[in-house]
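Values below: every heavy atom of this structure, side chains too, minus hydrogens, waters and symmetry copies. In this text the structure is predicted, and so the values were computed from the model without any measurement. Position 1 is the first residue of the sequence, and the numbers go up from there.
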Amino acid sequence: MHGSLPVENAGSVPLCLFVEPYGEDFWLEPGEAVTVSSVSDDINVQFAVTVAAELLSVWLYEDGDPHRVVSESQVIDASGTPLKCGHQRHDRRIPGPFLQRVVKPDDSPDTSA
């Protein structure tokens, strides 16, 4: 069974969507919508969502078990196109208590660990 989480920025300012466990960031303009899902169709995914001002953090868990983190996820735009980490980042400052530094497109997380 495959789970997905639709996310829409209904606000008036850009929204930073973090997809964990790698902290991949996707910047949604007002009115923009995406879908977060597991790459695999073979698992039942449940989501944990944390919200802060202009920031949404999403964790994917297999069967809702926090010890079974789904590490292979995807973010797809409304036209069905998979997005890459840093989507629309443009030297933005990450809001809220998570990071208080400018993040540039070449600062993508190291996924080799």
Ignoring hydrogens, what is the shortest heavy-atom contact between Pro14 and Glu29? Give both atom names and the distance. CG-OE1, 3.8 Å
Sorted by chain and residue number, the side-chain hydrogen bond (donor to acceptor under 3.5 Å, both in side chains) partners of Glu8 (sequence neighbours excluded) come out as none
Identify the heavy atoms of Tyr61 and Ala48 that sit nearest to each other, and give their distance. CE1-CB, 3.5 Å
According to a hydrophobic-cluster definition based on side-chain heavy atoms being under 4.5 Å apart (Ile, Leu, Val, Met, Phe, Trp, Tyr only), do Trp59 and Val75 belong together? no
Residues that Gln46 engages under side-chain hydrogen bond (donor to acceptor under 3.5 Å, both in side chains), provided they are two or more places apart: none
Considering non-hydrogen atoms only, spot the tightest contact between Asn9 and Pro30 and give its length. ND2-N, 3.4 Å
The single option from Val34, Asp25, Leu83 passing side-chain contact (heavy atoms from CB on, under 4.5 Å) against Leu17: Val34
Quick one: does Glu20's side chain get under 4.5 Å of Ser57's, heavy atoms only? yes
Quick one, Ser71 and Pro21 - any side-chain contact, counting heavy atoms below 4.5 Å? yes
Side chain to side chain contact (heavy atoms under 4.5 Å, CB included) involving Ser4 - partner list, sequence neighbours excluded: Thr35, Ser37
Spell out, yes or no, whether Val39 and Val45 are grouped together once hydrophobic residues are joined by side-chain heavy atoms under 4.5 Å, including indirect joins. no
Say whether Val51 and Val58 are linked into one hydrophobic cluster, either directly or through other cluster members, by side-chain heavy-atom distances under 4.5 angstrom. yes
With a 4.5 Å limit on heavy-atom distance, are the side chains of Leu60 and Val36 in contact? yes
What distance do Tyr22 atom OH and Cys85 atom SG have between them, rounded to the nearest 0.5 Å? 12.0 Å
Taken to the nearest 0.5 Å, the spacing of Glu62 CD from Ser38 OG works out to 8.5 Å
Atom pair CZ (Phe26) and NZ (Lys84), whose distance is rounded to the nearest 0.5 Å: 11.0 Å
Please examine the side chains of Leu15 and Trp27, heavy atoms only from C-beta on, and report whether any two atoms are closer than 4.5 Å. no
Check side-chain hydrogen bond (donor to acceptor under 3.5 Å, both in side chains) between Glu32 and all other residues, then give those that pass, not counting sequence neighbours. His87, Gln88
Identify, with sequence neighbours excluded, every residue that meets salt bridge (charged side-chain N to carboxylate O under 4.0 Å, His left out) alongside Asp63. Arg68
Just to verify, what does Thr81 make a side-chain hydrogen bond (donor to acceptor under 3.5 Å, both in side chains) with, not counting sequence neighbours? Ser79
Does Leu56 reach the side chain of Thr50, with side-chain heavy atoms less than 4.5 Å apart? no
